[in-house]
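Here's the structure we're looking at; comments come further down.
For ligands, and for the atoms within them, numbers begin at 1 and follow the listed sequence. Below, each value reflects all heavy atoms present in this structure, side chains not excepted, and no hydrogens, waters or symmetry copies.
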Amino acid sequence: MKMLVSVRDAGEALLAAEAGADFIDLKEPANGALGALALPDVAHIVSVLRGRQPGLRISATVGDLSLQQADEILRRVERVAACGVDYVKVGLWPEPSEPGLASTLVDALAACAARIVPVFVADQGIDLALVEHALASGAFPALMVDTADKRRGSLLQRVPLATLAAFVATVRARGAMAGLAGSLRAEDSDALRGLAPDFAGFRGAVTRGGRADALDPRLVRLLRRRLAAGAGAPLAAAA
Ligand SMILES: O=C[C@H](O)COP(=O)(O)O
């Protein structure tokens, strides 16, 4: 299982890469689950990483935007992609009062030239029909799950494991990568290995004082070991 780590600047990006992150995800964690960085900052981090860690895959987000802001999302997709990232992450926030909006946005994203990773915001569960709809386009290299409310615990406690397993199986069956995130902790490693997504994403778990705090590379290394190893890799190793 690969590891995605969210970072807010070039210093954190290099620390995360050196500590074993496979995907470097550019975002401002203080601005929400998919908080966006300023475009010049995204371009700067990309150029630093390409110079020092050329093989690394880099994603960046368009920000926490609702489904009603589809035009703004599409504009930002183009601008973020132009910064040179490999993937642009776009959140799909549930909108029960307007059920067609999400699939309309998915269709518009599928038509974009950029490599987009739709992120299913799963605080109220996962719409597996929408997942299937996104996969049917064949346009997305990866699909992710994440949570918006970071105070309410790990994704693995908030969404039934059977639903997460169905998400992973459905995505992988169509040849895309499946990613899981949402306040995941080192303690979730065993369950994550059982679910076997292509990658798991972290921010809060690689900080000491909450996801807006600075990244601690020792925690990235700990997670790297816990995700790779069987049960029993010592939790205290990063202390
Ligand atoms: O993309 C992944 C997220 O940044 C994960 O953040 P989190 O671990 O604080 O939920």
Are R224 and D22 close enough for a salt bridge, meaning some N to O gap below 4.0 Å?
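Between D22 and R224 there is a salt bridge, with a charged N closer than 4.0 Å to a carboxylate O.
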
Between R203 and E28, is the closest basic N to carboxylate O distance under 4.0 Å?
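No, E28 and R203 are not salt-bridged.
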
Quick check against the 3.5 Å criterion: does S183 have a side-chain atom that pairs as donor or acceptor with the backbone of S154?
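Side chain of S183 to backbone of S154, a donor-acceptor pair under 3.5 Å: no, none is there.
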
Check ligand 1 against [X] and write out every atom of the ligand that is under 4.0 Å from a heavy-atom position of the residue.
{"X": "G204", "value": "7 (P), 8 (O), 9 (O)"}
{"X": "G182", "value": "10 (O)"}
{"X": "D25", "value": "1 (O)"}
{"X": "D146", "value": "1 (O), 2 (C), 3 (C)"}
{"X": "F202", "value": "5 (C), 8 (O)"}
{"X": "L4", "value": "1 (O), 2 (C)"}

Are there over 12 heavy-atom neighbours, none belonging to K150, within less than 6.0 Å of that residue's NZ?
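More than 12 heavy atoms, drawn from other residues, nucleotides or ligands, come within 6.0 Å of this atom.
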
Would you mind checking which non-hydrogen protein atom is closest to [atom], with the distance to 0.1 Å?
{"atom": "atom 4 (O) of ligand 1", "value": "S6 OG, 2.6 Å"}
{"atom": "atom 8 (O) of ligand 1", "value": "R203 N, 2.9 Å"}
{"atom": "atom 3 (C) of ligand 1", "value": "K27 NZ, 3.3 Å"}
{"atom": "atom 6 (O) of ligand 1", "value": "R211 NH2, 3.1 Å"}

With respect to [X], determine whether any N or O atom, backbone or side chain, lies less than 3.5 Å from an N or O atom of ligand 1.
{"X": "A181", "value": "no"}
{"X": "K150", "value": "yes"}
{"X": "K89", "value": "yes"}

Take every heavy atom of S183, measure it against each atom of ligand 1, and state whether any distance is under 4.0 Å.
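S183: in contact with ligand 1 (<4.0 Å).
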
Do S6 and D25 have a side chain donor and acceptor closer than 3.5 Å?
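Side chains of S6 and D25: pair found under 3.5 Å.
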
Is it the case that D107 and H133 place a side-chain donor and acceptor less than 3.5 Å from each other?
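Yes, a side-chain donor-acceptor pair sits under 3.5 Å.
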
Apply side chain to side chain donor-acceptor pair (under 3.5 Å) to T147 and D123, showing your working.
CA-CA 5 Å; T147 55; D123 298 57; 4.9 Å; no

Heavy-atom closest pair, residues L56 and R50
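Smallest heavy-atom distance, with atoms named: O-NH1, 3.1 Å.
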
Is there a side chain to side chain donor-acceptor pair (under 3.5 Å) between Q68 and E98 once you walk through the steps?
CA-CA 9 Å; Q68 282 92 351; E98 294 180 82; 2.8 Å; yes

